[in-house]
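Accompanying notes for the structure given below.
Predicted model, so just to flag it, every value in this text is computed and none were measured.
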Number of protein chains: 2
Amino acid sequence: MNLTVAEENYIKSIYKLQDGNTVVSTNAIAYELATKPASVTDMAKKLKEKKLIDYEKYQGISLTPEGRKIALQIVRRHRLWECFLVDKLSFSWNEVHEIAEELEHVRSEKLITRLSNFLGNPTTDPHGDPIPDAMGRISKSQPLVSLDKATARRLEVAGVSDQSSSLLEFLNAKGIRLGTQLDIIERYEFDNSVEVKIRNQPAFTLSEQVSKNIMVKSL
Amino acid sequence: MNLTVAEENYIKSIYKLQDGNTVVSTNAIAYELATKPASVTDMAKKLKEKKLIDYEKYQGISLTPEGRKIALQIVRRHRLWECFLVDKLSFSWNEVHEIAEELEHVRSEKLITRLSNFLGNPTTDPHGDPIPDAMGRISKSQPLVSLDKATARRLEVAGVSDQSSSLLEFLNAKGIRLGTQLDIIERYEFDNSVEVKIRNQPAFTLSEQVSKNIMVKSL
DNA sequence: AATATTATTTAGACAAATCTAAATAAAATA
DNA sequence: TATTTTATTTAGATTTGTCTAAATAATATT
Ligand SMILES: [Mn+2]
Ligand SMILES: [Mn+2]
Ligand SMILES: [Mn+2]
Ligand SMILES: [Mn+2]
């Protein structure tokens with residue numbers, strides 16, 4: 001199965017959007033890929049032809065088992081490259097997504113096997129997302145709680161639900177990254193903001209907008 | 001200047017073929033890129049439009065200074081990735097070309113700067129070819145001699161002029177790589193073959209075909 | 001149920017990169 | 001120089017991925 005870069009990007013988006021849902025809508029894919037619904041319909045026909053998706057017009061789109069297998073390979077490549085960029089080239093987590101978006105399309109079994117090995121076969125990427133193994137097995141990311149709903153006092157940052165560069169940049173500036181331990185100092189009902197503290201640093205306040213997108217686990 | 005992968009591949013081929021020559025022919029480029037002369041003519045018009053090559057019909061093709069600058073960037077990326085694959089992922093030199101052929105098109109200044117740094121800013125790639133620096137400066141590869149014409153008795157392998165996977169694989173199997181030291185045992189006029197010896201190994205014979213493509217310097 | 005809104009598909013077009021076959025120019029040879 | 005061969009270009013198609021505008025289907029609202 002030899003796929004173009006465009007086809008790979010569609011497969012990956014469908015995988016991402018499907019998560020739980022039975023089918024994905026034409027519009028959702030168009031929005032995700034910053035393209036037009038008409039283009040999605042065109043591509044849907046091609047991917048159906050290749051038996052990578054199930055698709056009947058007006059009925060939404062879902063990956064076939066084969067499509068899912070390919071999606072997991074692409075996700076694996078994407079996340080391994082993100083690890084490489086952060087761990088070996090000292091990029092910060094907000095800079096790696098766009099670059100990995102290109103690197104993920106370099107197809108070579110051997111390259112990915114060796115890259116994974118070189119990185120110590122990591123199981124999560126710099127954003128806390130699980131990395132599928134060579135067989136496409138992916139650990140169910142334990143259901144995390146968002147910071148605005150967490151109950152414990154001491155928490156560890158385990159992921160972000162919004163991966164926009166603007167959020168990641170903000171967190172970066174505040175010194176919040178994966179594995180950072182936070183203490184909840186105070187919650188303000190008024191605007192649902194929350195005051196938090198990182199060891200050896202003055203406390204600061206996070207808006208609801210932000211705390212909603214920080215996924216944490218208690219220690 | 002935003003170039004497509006195809007445009008980058010053309011620019012790189014023209015750079016490679018120009019080397020010394022004033023202009024490059026349509027056919028030479030077609031052969032190098034395994035495409036058809038008609039396609040080269042089409043692309044020549046586009047690249048001229050973008051002011052990356054000088055081209056008048058029937059007069060051959062040459063890079064403009066701007067085109068040359070871009071070629072050097074692509075060559076830099078290609079060779080740095082080759083270093084990465086060999087030095088960090090333990091690929092052998094005959095396996096890296098195809099993969100680097102894809103990696104070279106991932107465009108990110110920062111990525112390449114950091115990759116170079118991570119590798120210790122190497123100045124030659126695994127095939128002995130010089131790596132242009134960030135400014136596009138490239139060290140004139142000292143004019144090497146091919147093994148079949150070398151005069152000294154003890155030689156060091158400094159490059160290969162044919163980079164086909166078949167030659168590299170052969171050399172690999174014989175234990176010949178960049179920096180390998182060879183002693184000339186005997187030259188046979190009959191078929192221009194040459195018997196060589198690597199330290200701690202039995203001597204063996206190389207055909208003229210092979211020795212022509214091994215570039216060496218004396219020690 | 002009729003109407004309005006939203007989602008999706010179709011029709012027709014375009015740019016990029018390629019091809020084959022035919023036409024033309026340049027170079028080599030007799 | 002005339003002829004043959006080789007190199008290059010043009011003309012016309014094809015594939016991939018995209019778009020806009022118009023048509024149609026599904027859903028929501030009165
Ligand atoms: Mn991508
Ligand atoms: Mn990620
Ligand atoms: Mn390439
Ligand atoms: Mn090389």
Side-chain angles (χ1 to χ4, degrees), chain A residues 1-15 17-18 21-63 67 70-71 74 101-102 104-107, chain B residues 1-15 17-18 21-63 67 70-71 74 101-102 104-107:
Chain A
M1 185 66 58
N2 228 21
L3 300 178
T4 64
V5 168
E7 287 170 335
E8 286 196 346
N9 283 333
Y10 272 95
I11 293 287
K12 190 159 65 93
S13 290
I14 296 166
Y15 172 81
L17 294 168
Q18 202 172 336
N21 311 3
T22 50
V23 293
V24 182
S25 76
T26 304
N27 270 6
I29 297 168
Y31 182 79
E32 173 76 17
L33 286 171
T35 180
K36 296 288 140 66
S39 306
V40 175
T41 301
D42 288 346
M43 182 60 87
K45 290 172 186 166
K46 286 181 213 162
L47 294 177
K48 182 187 180 174
E49 189 58 39
K50 295 193 173 192
K51 299 189 194 302
L52 299 178
I53 63 170
D54 290 316
Y55 167 65
E56 295 302 331
K57 60 158 105 163
Y58 297 110
Q59 300 315 126
I61 291 168
S62 63
L63 292 175
I70 289 170
I74 305 167
E101 201 56 47
E102 297 193 45
E104 70 187 358
H105 302 293
V106 177
R107 244 162 310 95
Chain B
M1 183 68 56
N2 229 20
L3 300 178
T4 65
V5 169
E7 287 169 335
E8 286 196 345
N9 283 333
Y10 272 93
I11 292 287
K12 190 158 66 92
S13 291
I14 296 165
Y15 173 80
L17 295 168
Q18 203 172 336
N21 311 4
T22 48
V23 293
V24 183
S25 77
T26 305
N27 270 5
I29 297 167
Y31 183 79
E32 171 77 17
L33 286 172
T35 180
K36 297 288 141 65
S39 307
V40 176
T41 301
D42 287 347
M43 182 59 88
K45 291 173 186 166
K46 284 181 215 161
L47 294 177
K48 182 187 178 173
E49 189 57 41
K50 294 193 173 192
K51 298 190 195 301
L52 299 178
I53 63 170
D54 290 316
Y55 167 66
E56 294 303 330
K57 61 157 105 162
Y58 298 112
Q59 302 312 129
I61 291 168
S62 63
L63 293 175
I70 290 171
I74 305 167
E101 203 55 48
E102 296 194 45
E104 71 186 358
H105 302 292
V106 176
R107 246 163 307 96

> Would you call A/Glu101 and A/Lys12 a salt bridge, using N to O less than 4.0 angstrom?
Replying inline: yes
Phosphate-side-chain proximity, [X] and [N], N/O vs OP1/OP2 below 4.0 Å:
X: A/Lys36; N: D/dT20; answer: yes
X: B/Tyr10; N: C/dT18; answer: yes
X: A/Tyr55; N: C/dT9; answer: yes
X: B/Lys57; N: D/dA7; answer: no
X: A/Thr41; N: C/dT10; answer: no

Output the single nucleotide from [options] whose closest atom is nearest the side chain of [X].
X: A/Met43; options: C/dT18, D/dT8, D/dT18; answer: D/dT18
X: B/Asn27; options: C/dA17, D/dC19, D/dT8; answer: D/dT8
X: B/Tyr58; options: C/dA25, D/dT10, D/dG17; answer: C/dA25
X: B/Ala38; options: D/dT16, C/dT20, C/dA17; answer: C/dT20
X: A/Ser39; options: C/dT8, D/dC19, D/dT8; answer: D/dC19
X: A/Thr35; options: D/dA26, C/dA17, D/dT18; answer: D/dT18
X: B/Lys46; options: C/dA17, C/dT9, D/dT10; answer: C/dA17
X: A/Thr4; options: D/dT16, C/dT20, C/dT10; answer: D/dT16

How long is the line joining [atom1] of [X] and [atom2] of [N], in whole Å?
X: A/Asp42; N: D/dC19; atom1: CG; atom2: C1'; result: 10 Å
X: B/Lys45; N: D/dT8; atom1: NZ; atom2: C1'; result: 10 Å
X: B/Leu17; N: D/dA7; atom1: CG; atom2: P; result: 15 Å
X: B/Lys50; N: C/dA15; atom1: NZ; atom2: C1'; result: 11 Å

> Between atom CD1 of B/Ile14 and atom CG of B/Leu33, what is the distance when rounded to the nearest 0.5 Å?
Replying inline: 8.5 Å
> When you look at OH of A/Tyr15, are more than 12 heavy atoms from neighbouring residues, nucleotides or ligands closer to it than 6.0 Å?
Replying inline: yes
